[in-house]
Amino acid sequence: MNTGYRIIIADDHPLFRNALLQAVTLAVSDAELIEVDTIDALMQRLTEVDDVDLLLLDLKMPGASGFSGLAQLRHEYPELPVVMVSASEEPAVVQQAMRFGALGFIPKSAPMPTLVSALNTILEGDPWFPEGVSLEQAPEDNIAERLASLTPQQFKVLIMLSEGKLNKQIAYELNVSEATVKAHVTAIFRKLDVKNRTQAVIALSQTGHQQD
DNA sequence: GCCGGGGTTGATGCGCGTTT
DNA sequence: AAACGCGCATCAACCCCGGC
């Protein structure tokens, strides 16, 4: 049994937040638990508290589609241990979480004992991912594979493309020049094997990363 | 023809792992 | 430890195209 951790649970679904809460309570005694239900609230909390030992982050949250939340977090808080929680168990999704630097990946379908042991493993500092998923994945040559090859920054850009934003707007939001955004966009095209932003957005939408 | 948006290319600097 | 290579992010200069 671990003790004395500060843990943030970020999930927009109250029922599942409770389930996670329960699992954490079983795995950790004397933990300080913080619950948030939006990305904005999460970001706000992160500016208020430090020394967060673990963040349980839902893959699909209001204010972030797909991995944009994780990408943003890794960018702003590289040291923060993040565990993805998701309804999806697709290997490509899990691998993407790995690529984005998640410490673990917990499927929502996992039974409570699994949840607890996963949490314990992660709190010990070891990664925990579902069975049968490894970094040396079987090459599947599908869109999900190609999406998984994007860097976090490129993924953020792609998310914003899917929101219909102009290069100029993306540049402003990422605090970089428009030229940089264009370079990212071109790199995304190359990795996704598409010719323009429209096709890139279509490719993204075909793998369940579409907007809420 | 000018302007604005999209897209391409080459250069630069950085971090990181590998080689020597 | 130094050199090296690699991927990434960043950027400017440039081209293409369509609307006004």
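Reminder, nothing fancy here: chain letters follow the sequence lines and each chain counts from 1.
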Q.
Check this one for me: any side-chain N or O of A:T186 less than 4.0 Å away from OP1 or OP2 of B:dT8?
A. yes

(Q) Side-chain N or O of A:N167 versus OP1/OP2 of B:dG6: is the shortest distance under 4.0 Å? (A) yes

Minimum-distance nucleotide (side-chain atoms of [X] versus [options]):
X: A:A183; options: B:dG5, B:dT8, C:dC11; answer: C:dC11
X: A:T151; options: B:dG6, B:dT8, C:dC8; answer: C:dC8
X: A:L166; options: B:dG6, C:dA9, B:dG7; answer: B:dG6
X: A:Q154; options: C:dC8, C:dA9, B:dG7; answer: C:dA9

Provide, to the nearest angstrom, the distance between the [atom1] atom belonging to [X] and the [atom2] atom belonging to [N].
X: A:Q153; N: B:dG15; atom1: CD; atom2: P; value: 16 Å
X: A:F189; N: B:dT8; atom1: CZ; atom2: P; value: 6 Å
X: A:R190; N: C:dG7; atom1: CZ; atom2: P; value: 11 Å
X: A:K168; N: B:dG7; atom1: NZ; atom2: P; value: 15 Å
X: A:K191; N: C:dC8; atom1: NZ; atom2: C1'; value: 8 Å

Q) Could you walk me through whether A:L147 and A:L192 pass the side chain to side chain contact (heavy atoms under 4.5 Å, CB included) check? A) CA-CA 7 Å; A:L147 276 180; A:L192 297 187; 3.7 Å; yes

Q | Of residues 169-178 of chain A, the positions that come close to DNA chain C - non-hydrogen atoms, cut-off under 4.0 Å | A | A:V176, A:S177

Q: Indicate yes or no: does A:E173 engage A:K156 in a salt bridge with an N to O separation below 4.0 Å.
A: no

Q. Would you say A:L80 and A:V82 make side-chain contact, with heavy atoms under 4.5 Å?
A. yes

(Q) Within the 4.0 Å limit for protein heavy atoms, which parts of nucleotides 13-20 of chain C are touched? Write it as a string from 5' to 3', B for base, S for sugar-phosphate only, - for none. (A) --------

Q. Run the side chain to side chain contact (heavy atoms under 4.5 Å, CB included) check on A:V83 and A:L55 step by step: do they pass?
A. CA-CA 6 Å; A:V83 171; A:L55 166 63; over 6 Å; no

Donor-acceptor under 3.5 Å ([X] side chain, [Y] main chain):
X: A:N196; Y: A:Q199; answer: yes
X: A:D11; Y: A:F16; answer: no
X: A:T180; Y: A:V176; answer: no
X: A:Q154; Y: A:T151; answer: yes

Q: Using side chain to side chain donor-acceptor pair (under 3.5 Å) as the criterion, list what pairs up with A:Q169, not counting sequence neighbours.
A: none

